[in-house]
Structure formats: structure tokens, C-alpha cells
Amino acid sequence: MTSPRAVRTARPADVAALVDLVESAYRGERSRAGWTTEADLLAGQRTDPAMVAEAVSSPGGTVLVVEDGTGIVACCQLERRDDHVYFGMFAVAPGRQGGGLGRDLLAEAERHAREQWQSGELRMTVITQREDLIAWYERRGYVRTGELSPFPYGDERFGVPLRPDLAFETLRKKLG
């Protein structure tokens with residue numbers, strides 16, 4: 001990403017491209033081209049058009065996207081909550097991972113939460129088995145809280161678990 005101006009707010013017309021991006025970053029064989037794959041933990045879908053459309057049109061949040069000449073190559077969702085902003089649906093196209101695009105988009109999401117919504121904290125949940133991803137967030141100032149929430153076993157909208165011990169941990173970062 002060359003500058004924060006490269007980031008824009010998602011539109012309803014972006015839903016199909018966003019679903020494809022998120023799926024490519026996390027599920028199936030395409031995801032194995034990047035380091036964010038969950039293909040060994042979960043099968044099935046990561047998201048669907050209805051879930052993404054809801055995120056795009058939510059009055060309490062926004063979806064940020066980065067485009068290049070090929071289309072949308074990165075995205076994240078921000079959702080205003082009582083005392084923080086929740087960060088989710090973070091995806092970078094597998095072929096673009098490892099080059100700083102995700103780091104730059106995360107920084108832009110933090111800036112947006114702080115400056116546009118006057119939030120002092122960003123929170124997210126990460127599958128506890130994703131130690132490499134948690135370490136990546138820790139290098140960017142996020143702190144593990146020890147707060148665990150169960151994976152939604154039986155709700156295939158979020159995937160089909162390939163192991164019985166999946167859980168999410170909340171990470172947080174104070175925004176200065």
C-alpha cells in the first residue's frame with residue numbers, strides 16, 4: 001500500500017469480491033499459497049455473501065478495502081462496540097501476503113478507529129491454535145487477554161472444524 005489514500009470503504013457491489021478474497025486467504029487449496037491459511041483447522045466456508053453484505057451495510061461499522069489493478073487485494077471490518085472497536089474479516093490475497101500490505105491496512109484500521117470514531121481500543125478474536133498469527137499481532141502491539149470464547153461448532157456458516165479443540169482468544173491494543 002503506497003498511502004492511506006489507497007484504502008476505501010466497501011460498497012454493496014464489492015460483496016462477491018470480498019467473499020472470494022476472504023475464502024482465498026483462509027480456506028481451501030488457494031489459501032495454502034499464503035501464510036494465513038486455516039485449511040488444516042477448518043474446511044467449508046469462512047464467510048458467505050449474506051454475512052459480508054451485512055458487514056458492508058452495517059450502520060455501526062465499516063469494511064475497509066485496498067485495491068490494485070487486479071481488484072480488491074485486502075480488507076478488514078471495523079465494528080463500533082460499547083467501549084472499543086472490533087476488528088475482523090481481515091484478509092490479504094495469498095499472493096500479496098508477506099509484503100507489508102496487511103501491516104499497513106491494520107495501521108489504517110487503527111487510525112480510523114482512533115480518529116474517525118474516537119475509540120481508545122481495538123479488539124479482535126483469533127483462533128488459539130494460530131500461534132504464528134497471534135505472534136504477528138503481538139509484534140504490532142496487541143496483547144493476549146486470556147479471554148477465551150468457544151468456536152461455534154455446528155454452525156457451518158463459520159466452517160467445518162477438523163479438530164475438537166478450537167477456541168478464540170481476544171487480543172486488544174490501546175490506541176494512543
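Residues: numbered from 1 along the sequence shown. Quick note: numbers below take in every heavy atom, side chains included, and nothing from hydrogens, waters or symmetry partners.
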Answer yes or no: is there an ion pair linking D40 with R32, defined by an N-O contact shorter than 4.0 Å?
-> yes
Which heavy atom in [X] sits nearest to a heavy atom in [Y], and how many Å separate them?
| X | Y | answer |
| --- | --- | --- |
| R103 | W136 | N-CZ2, 3.7 Å |
| A74 | L105 | CB-CD2, 3.8 Å |
| A53 | V15 | CA-CG2, 3.8 Å |
| A55 | Q77 | CB-NE2, 3.5 Å |
| A109 | L64 | CA-CD1, 4.1 Å |

Donor-acceptor under 3.5 Å ([X] side chain, [Y] main chain):
| X | Y | answer |
| --- | --- | --- |
| E169 | V126 | no |
| E23 | G28 | no |
| Y153 | P164 | yes |
| T170 | T145 | no |
| R130 | T36 | yes |

CD on E138 to CG on L171, rounded to 0.5 Å = 7.0 Å
One should read off an interatomic distance between Q129 CD and I134 CD1, to the nearest 0.5 angstrom, of 8.5 Å
Transitive ILVMFWY side-chain link W117 to V7, under 4.5 Å | yes
Should we say atom CD of Q116 is surrounded by more than 12 heavy atoms from elsewhere, each under 6.0 Å from it?
-> yes
Can you say whether the rings of Y137 and F90 are parallel (under 30°), tilted (30 to 60°) or perpendicular (over 60°)?
-> tilted
With a 3.5 Å cut-off and no angle check, do the side chains of E79 and S58 form a donor-acceptor pair?
-> no
Does some side-chain heavy atom of R27 sit less than 4.5 Å from a side-chain heavy atom of E38?
-> yes
Please determine which of T62, V63, V65, D14 meets the side-chain contact (heavy atoms from CB on, under 4.5 Å) test together with V56.
-> V63
